[in-house]
Amino acid sequence: MKLRAQFVVDVTATDYVQAADHQKRLGAFLEEIKRQYTDATLTIRERRKPKLVRRPREEDSLAISE
């Protein structure tokens, strides 16, 4: 049986220097985990705010009548 375990850590960084510091600390945790789980990996992604999409108003939609 294969399993996948995930840890999710949300961090906030004011700049790239602070982000690199977080990455370094998380990398240290990864090294500890790799002692027992050698295939462990670390992926860090920037979380962006979702773009808001304006819904069309009813008067903006086209109505087809026969």
Side-chain angles (χ1 to χ4, degrees):
M1 173 183 344
K2 284 191 159 203
L3 302 172
R4 173 173 287 172
Q6 278 184 299
F7 297 97
V8 176
V9 180
D10 291 328
V11 297
T12 303
T14 56
D15 56 23
Y16 287 108
V17 174
Q18 197 175 54
D21 183 50
H22 285 293
Q23 183 176 359
K24 183 178 177 181
R25 282 190 271 157
L26 290 167
F29 287 123
L30 177 64
E31 291 307 314
E32 288 288 322
I33 293 169
K34 280 187 150 199
R35 290 186 182 144
Q36 291 188 20
Y37 303 98
T38 56
D39 291 339
T41 61
L42 172 64
T43 302
I44 298 176
R45 291 184 218 133
E46 182 179 1
R47 295 186 61 175
R48 297 175 184 235
K49 293 180 183 177
K51 291 182 179 180
L52 297 178
V53 178
R54 185 178 76 86
R55 296 177 122 181
R57 297 183 308 232
E58 283 189 34
E59 59 264 15
D60 290 345
S61 62
L62 298 176
I64 300 173
S65 59
E66 294 183 26

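In this text, all values refer to a predicted model and were calculated from it rather than measured experimentally.
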Closest approach of Ala13 and His22, non-hydrogen atoms and distance?
->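 Ala13 and His22 have their closest heavy atoms at CB-CD2, 4.2 Å.
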
Apart from Val17 itself, its cluster of hydrophobic side chains linked below 4.5 Å comprises none

About how many Å separate OH of Tyr16 and CD of Gln23, when rounded to the nearest 0.5 Å?
-> 12.5 Å

Can you tell me how far the CZ atom of Arg47 sits from the OG1 atom of Thr12, to the nearest 0.5 Å?
->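 It is 9.5 Å, given to the nearest 0.5 Å.
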
Which atom pairs, one a donor and one an acceptor, fall under 3.5 Å between side chains of residues 30-40 and the rest of the protein, sequence neighbours left out?
| unit_1 | atom_1 | unit_2 | atom_2 | d |
| --- | --- | --- | --- | --- |
| Glu32 | OE1 | Arg35 | NH1 | 3.2 |
| Glu32 | OE2 | Arg35 | NH1 | 2.7 |

Tested for side chain to side chain donor-acceptor pair (under 3.5 Å) against Asp21, the lone hit among Arg25, Gln18, Lys24 is Arg25

